[in-house]
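Reviewing the structure listed below.
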Amino acid sequence: MTDYVPQNTELSWQKAWDDAGIFNVEFKEGNPKFYCLEMYPYPSGKMHMGHVRNYSIGDAVARYKRLMGYDVLYPMGFDSFGMPAENAAIAEGGHPHDITERNMASITEQIKRMGFSYDWRRMVKSHDPQYYRWNQWFFLKFLESDLAYQEFAPVNWCNSCDTVLANEQVKAGRCWRCNGPVIQKEMSQWFLNITEYAQELLDGLETIDFPENVKALQQDWIGRSEGAEIEFGIEGHDNTIRVFTTRPDTLFGVTFLTLAPEHELAEKLVAGTEYESEWKSLHDEIMVMSEFDRIKNMGKKKGVPTGSFAIHPLTGEKIPIWIGNFVIASYGTGAVMAVPGHDDRDFDFAKKYDIPIKRVLVMNEEAGSDDELEAAECDLGWMVNSGLEGFDGLYGDEAKTAVCQALEQQGKGNGTVNWKIRPWLISRQRYWGTPIPIIHCPSCGVVPVPEDQLPVELPRDVIFDGKGNPLETSDSFCNVDCPKCGTPAKRETDTMDTFVDSSWYFLRYTDSMQNDVPFNPEVANHWMNVDFYCGGIEHAQMHLIYARFWTKALRDIGLHNIDEPFNELLCQGMVNKSAPWCNSCGITLHVDYSDQDCPHCDETLAIRSAKMSKSLGNTVSPEEMIEKYGADTVRLFILFAANPTAGMDWSDAALEANYRQMVQLHGMPDSILNWQGQASDIDVWMIARLKQRYNQWQDAMDNYDLRGAVDASHFDLVKDLNWYRRRGGENPEIGKEILDVWCHMISVATPHLAEDWWKIMGNDDLIAGRTFTKPADLTSDEKSALEAETYLRSFLEQARKVAKVAVKHIGGQPESATIHTSRPWKRELAIAAINHVNSGGNVKAFAGILAELPFVNSNNKGEIMGFWGKRMLPQIFKWSDEEKTMICGHLDEGAILSAASGFICSDLGLSSIDIESGVVDVGRSSAAIPLAPSIVYS
RNA sequence: GCGGGGGUUGCCGAGUGGUCAAAGGCGCCGGGCUUAAGAUCCGGUCACGAUGUGUUCGUGAGUUCAAAUCUCACCCCCCGCACCA
């Protein structure tokens, strides 16, 4: 047998796959297709364990589907625009382009070393002008359809990244990338109106197979809320204030209005009043604050009166107008009608500023309409105190509708839907992204770059000094002639958010080897949508919403006819490794603190599993692992350590165990092909078992239960083979049959090993290029063989247990045993009871039927009744379906035991056994029941 | 506060009403093989008077002939969102 040296063989198999172009796939109409996709990586310098896990999962799925006869589109590319490369250029010198290309080269090599089965020809690189020209082209199309537009508006600005951010990219008031504070800044920016698709994005979630938490995240983000927009007049003013509310049923409880400090009317209303300076200080305080601090301080509600009064649209009451720090300018209308009686926040505010609180709902119909409110009662209730006819007594939706109708009649409001999702701000003031194809002309204004001048390429002659947008330092880029009038003009220097790149790369993959169109609609329609999309949960909001939106937008400009880009999404779990943990401080520490006391509180540190990260120092280098054990072992470990969606703890011990398993598997074909034995009875069992394992494996693969699949293919079958050998099986014909099926099964997770096997088996082709059809169903002989061995194994287990006890009783090692199978009437009784229960009969009622059974007579009736109640009744429910089938079938316990008596003796270390299958009880035979004979050692 | 997911036998982890004292892996223990080690193979790994019985699946109650699994309440952990009107 040759040693397992994957470091050599894996590389040569990878070359063989490459040379044969075995993973290249072409568009063939009518063939069943499967589109397997992983989120394309940002080319940081090295492949990390998260990548390895992600792609090991995807590759297993791709290879499986290929084996099952699908045309599998399985591409790889790079999300190669983005700030890290630009920041590296600023920090270390060099050019983002060169840094990116260099990183891509090294990460590509590492990915290839894993042996993933990509069609590399289809590579998509975001920073390739032949890719991003289409970003620009789409942008122009969106401009035509008004989906893209420019607006001067307050936007999120990250000081440390020197650029604006989309709402999705602000997490808890901080930048998603650098975690720096985000402030508000008024700027002219480009937006895509994703809100036009809000409803479709929400509805679409019902039709796709995304994990629940991702759906919940997206629903939250889209944030649909139904309510009403209501117009309040202002006493002595022509202006009106519009508010949005989800609770029009509480309209009669409004005792004040609150404006956001930056609301356009706020300044007007306080101008020249005693409140002006107070408003000014509140306004300034808020405007300088980062949104993060603002949110942190929102607990402290602050308000300033304006001195002005609004007019209630239905009752005409005068309502004071306030300005509050808790009102967000960008949500709804930036103004809130405050109902302290039925809203917690308004209640607190009213208490603080001594504003009246009015009850206009009761929570049960009997409650008094003037009961004092101890706290806001926010649930739906029955209207009271409306002061107008036709409202009191209405509940919930009915109440809301009635109020909305009244408002509509007066022209003072209407039912409406408000969305949390904002237009997507795509402008970025950074270099390493797609230039926005716009030219600003002093006379013509904003002029789109004509299509035939695309791509607008990024210039090389820029300075990366960390000051402002590098694009502005390129004269050749900035100074152009206006395409309309020919006079000197300036190019737009904003680039696009890099999430634009990842919003359609999956479409490009379907047809990336041409540059005439972004993709051919026919080809895209064939491959799309993505059947299996695998990646990290961190993209649940940004990428996965943008990509869904972009797909729909492209559909609507007629580029394809796909509604949703991704059918099934799988978010792989984190790769964790243990790190020191302080229980009292509740923090995870760097591995340098291992075996020490907590630096903060001096307590002894515990160990806890934490996501692999540089900051904790608990990372494992994939390169080193591959170097040491080979790619297949790493893949096997990753698939076996946990199910794809679960978190996975890295364990060196477990990895080594998997390596040992690989060593053992590696030797399998050699040893099996050396079998010299004859055909034997156990052969049927082995083939049956092989089929059973195959089915188990296929079921698991179909459900993306990769762990279960690997368990069957790489672990269970080894055990089965051991059993076969123990039972005397060594039939070379059977061996060949096993290897053939088995080799296909292992090729999904450990493809290199499978090629080794395939070659040893004498084949010239590559197993990676093969398809496989399911073996025939189990024959009845095979089913019986499975039953017989199951019976034998459970008998041996029982016998061993009993033997331990017997040693104490007989005072030494037993030498022989008498086995009493259960009396035939017990089995008949069991069959009758099983049938009774299976046909829906009540267990308790069976006692009544029992006396009528043919084998029951006056002599044995008492015994049988006693046995039924005490022993058989509970047992009926303990038997598995498989066992019940065995009992009701043709299983002959005595015959099985006789046939295997030699094996039983050697296994239990006995010199002889006696099998007793009589009709009358002798000795301990009364304890036996079907499938569980009694065993007496001597 | 809201939303999503969890708490299983030393550890990881499967398990959606009887198949459950609960798969599999890791760890640990014993045995075979071996000059020996490693690998591999076989067995054990809740307790006890053991062909059985008792106790166990976050806590407490309930439904059922039967609960890790269903219901209710509570506790704890993780992950998002968060004064969204």
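Here is the naming used below: chain letters follow the sequence lines, and residue numbers restart at 1 for every chain.
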* Asked: Does NZ belonging to A/K884 count more than 12 external heavy atoms closer than 6.0 Å?
  ->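 Result for NZ/A/K884: enclosed.
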* For A/K801, does the NZ atom sit with more than 12 other heavy atoms under 6.0 Å from it, leaving out its own atoms? ->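 No.
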Measuring from the side chain of [X] (C-beta onward, heavy atoms only), which nucleotide among [options] has the closest atom?
| X | options | result |
| --- | --- | --- |
| A/K420 | B/G3, B/C84, B/C41 | B/C84 |
| A/R660 | B/U40, B/U51, B/A85 | B/U40 |
| A/A657 | B/G24, B/C26, B/G80 | B/C26 |
| A/N213 | B/U51, B/G80, B/G4 | B/G4 |
| A/Y331 | B/A14, B/C84, B/G4 | B/C84 |

* To do: Using the C1' atom as the reference point in each nucleotide, state the distance between B/U64 and B/U69 in Å, no decimals.
  =>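 These two C1' atoms come out 13 Å apart once rounded.
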* To do: Could you measure between the two P atoms, the one in B/C75 and the one in B/G24, and give it in whole Å?
  =>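 One P to the other, the span is 37 Å.
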Using both distances under 3.5 Å as the test, list the Watson-Crick or G-U wobble partner of [N], or none.
| N | answer |
| --- | --- |
| B/G1 | B/C81 |
| B/C70 | B/G62 |
| B/C48 | B/G52 |
| B/C11 | B/G25 |

* How long is the line joining CG of A/L217 and P of B/C79, in whole Å? ->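 Distance check: A/L217 CG to B/C79 P gives 13 Å.
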Mind checking if [X] touches a base, just sugar-phosphate, or nothing, with heavy atoms under 4.0 Å?
| X | result |
| --- | --- |
| A/F640 | sugar-phosphate |
| A/S934 | base |
| A/R725 | nothing |
| A/K719 | sugar-phosphate |
| A/I935 | base |

* To do: Step by step, work out the side chain to side chain contact (heavy atoms under 4.5 Å, CB included) result for A/Q696 and A/Q692.
  => CA-CA 6 Å; A/Q696 178 189 340; A/Q692 212 176 30; over 6 Å; no
* Test item: A/R247 side-chain N/O and A/C378 main-chain N/O as donor-acceptor pair under 3.5 Å ->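 Yes: the side chain of A/R247 pairs with the backbone of A/C378.
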* Asked: For the residue pair A/F637 and A/Y629, is the inter-centroid distance of their aromatic rings smaller than 6.0 Å?
  ->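 No, too far apart.
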